[in-house]
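The block underneath contains the structure these notes are about, expressed in structure tokens.
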There are 2 protein chains.
Amino acid sequence: MNVHEPERRLVTLSDVARAAGVGESTVSRVLRNQGSFSKRTQDRVAEAVARLGYVPNRLAGMLAGSGSTAGAKLVGIIIPSLTNIVFPDLLRGANAALDHDGFQSVIGVSDYDPEREEALIGALLSWRPAGLIVTGLEHTAGAVARLRASGIRIVEMIDTDGDGLDIVVGFSNRGVGCDSARHLLARGYRRIGYVGHDITRDLRAAKRLAGFRETLREAGHPLAETEIAPGPSSAAAGRAALGRLLARRPDLHAVYFSNDDMALGGYFHCLAEGVAVPGRLALFGFNALDIAAAMPQPLTTIRTPRLEIGAVAVERLAADGPAETVDLGYELIAGATA
Amino acid sequence: MNVHEPERRLVTLSDVARAAGVGESTVSRVLRNQGSFSKRTQDRVAEAVARLGYVPNRLAGMLAGSGSTAGAKLVGIIIPSLTNIVFPDLLRGANAALDHDGFQSVIGVSDYDPEREEALIGALLSWRPAGLIVTGLEHTAGAVARLRASGIRIVEMIDTDGDGLDIVVGFSNRGVGCDSARHLLARGYRRIGYVGHDITRDLRAAKRLAGFRETLREAGHPLAETEIAPGPSSAAAGRAALGRLLARRPDLHAVYFSNDDMALGGYFHCLAEGVAVPGRLALFGFNALDIAAAMPQPLTTIRTPRLEIGAVAVERLAADGPAETVDLGYELIAGATA
DNA sequence: AATCAGATTGGCAGCGCTGCCAAACCCTGT
DNA sequence: ACAGGGTTTGGCAGCGCTGCCAATCTGATT
């Protein structure tokens, strides 16, 4: 509809200035509500902006303002996936805080691929953001070098088990695994299995499993069996994987899942096969999905402060505080399945 | 860690040019792999870039390139929510296509608020994107004016029931409602109810309901009862709402839900209350969530081409084709609940 | 050796906006 | 009428990069 028009040049700030009969910098000041100007000027500028349908060019603004404080109102965010609702939630939390501070975000999705993350870091840095929020503590050497060289604030979110580059906001995934194991042990479960998805890519899941396994071992009831579904987590994968696990080890008392999606699938398997939960088999998830809480038997799981992580990440980025690790903790939800 | 350093100026293209002993435009050409240059030059530039750790400044690049074809490699996307997995899926589809064409995206979330959408349109336009992808066909007058004035390509996605501004990619939500009703009627269900979430905000859900209701009425079996849960859709809301609906109308044969989240909740209600599905009560959802397919009884629902919508939206935006409506259709999944 | 098309290169004017600074203005008080 | 201090204002030089164009170089051809 528009593309073929005779190259109508867009309205610029200078057009507005001319139309309002004031100088360019005056328009700029009025639009950013910064510095001082008279009411009369303000009205004239507002009128001209409305009449001409002026839309400021942020590109130019950020370029001109770069170097100064007000310059960058942009945050880059890299998440590993959009498939798992966890990450949209993180974005949601970040977005709310971002809006609040007048920031905008540019988002990259790495598909759990470190190489891709490195490339995304480069791409996002080229926007000259005020800060970058990435997922997890593990990055390629190249990625770390780029982050370091960028000179901007970095937030690594979700995971606190390790050393961060700058700010770290999250919780201990290892701790989650330990506490999950302790809960199952406390409830008397002894022969315990694990059903997970591809852990070589999801390092946080691997850390949870490590904590879980170690706690069980220390208690003298080592992890009896594991079943890893290829590909990303999903209810279907969880259902199938639990089926395979139980085929090998029908004597298990409880199963720990890499997350609620998988656990939900496991629950459905039990429902379909008539396996009594938790009487015959206990199920334990991770992430406290809404759906898992609405089930006839609410899933026993761990709630993580997803929205809060996103919000705090943005907040710290904007705050110019010291490099530090913020542990937002987690909460065990004792449902009806374990 | 970085903020307090002595304002080290970032490496610019001109630094690279000097270091490589070539002109600025040569560096620019090499970096964009455009125009011609010798192998020797390319190597020298590559070396300098690596040695200096140069990161191009996209802001400057886009500003300088604006007006030309190659200029804008940016697409703005506005979605109403991140809570429902549908929208991340749309983003996922768009992202894949975007990467393919070397585009980047800037995302805005409107929270189903038309005013907020209008504001976001302004915000995204100020990035001077090559195109904008928005959700649905209904916008405020101001939003329409801005979109029209922008002179860029617009894609309205998900809904094809109405007139679009430029390109429309989606399916008929009304048609979904009609076909859902036809399916239930064909299976012999007569006393049919509806459980939905706040429809004043989710206009697509309202269109589905309208189609559903009309088809039932025309068949002589008008919608028996509706129950609207306040707030966004969720399994918990669906479960509670079905409870309320059945309390009023225990004689219903089937219930149509505004989407799978709600339907899942409804299914859990039945499970918990011992209502036989579909013998005693049939359930019909919308969106074909993975989870719904993994249940012991797969949910009867409608699969929508979410990834494809996102991908096609981007594709059309880049293609510079005519303004048109692309109907990607949908598919009825005859599960075990209706 | 002169010629010529094509490949390769560098210089420089913007892109639209903001920061800085000097100029103009305003209102007191004297 | 004039100085003094604050408030408003406009001009203009960049921000870092790309587009354009003229200059230079290359190798083959006559």
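Every chain is numbered from 1, with letters handed out A, B, ... down the list of sequences.
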Worksheet, complete the sentence: Taken to the nearest 0.5 Å, the spacing of Leu82(B) CG from Arg92(A) CZ works out to 7.0 Å

Worksheet item: Separation of Arg44(A) atom CZ from dT8(D) atom P, in whole Å?
Response: 15 Å

Worksheet item: Taking side chain as C-beta onward, heavy atoms only, is Ile133(B) less than 4.5 Å from Val169(B)?
Response: no

Worksheet entry | Check against side-chain contact (heavy atoms from CB on, under 4.5 Å), Gln104(B) and Leu124(A) | CA-CA 9 Å; Gln104(B) 274 266 344; Leu124(A) 294 193; 4.1 Å; yes

Response to the item:
Scoring nucleotides 7-17 of chain C by protein non-hydrogen atoms under 4.0 Å (B base, S sugar-phosphate only, - none) yields SBBBB--BBBB

Worksheet item: Do Ser14(B) and Arg18(B) get their side chains close enough for a donor-acceptor pair, meaning under 3.5 Å?
Response: yes

Item to complete: Begin from the C-alpha positions of Arg153(A) and Asp166(A) and carry the test salt bridge (charged side-chain N to carboxylate O under 4.0 Å, His left out) through to its verdict.
Response: CA-CA 7 Å; Arg153(A) 297 310 296 260; Asp166(A) 185 6; 2.8 Å; yes

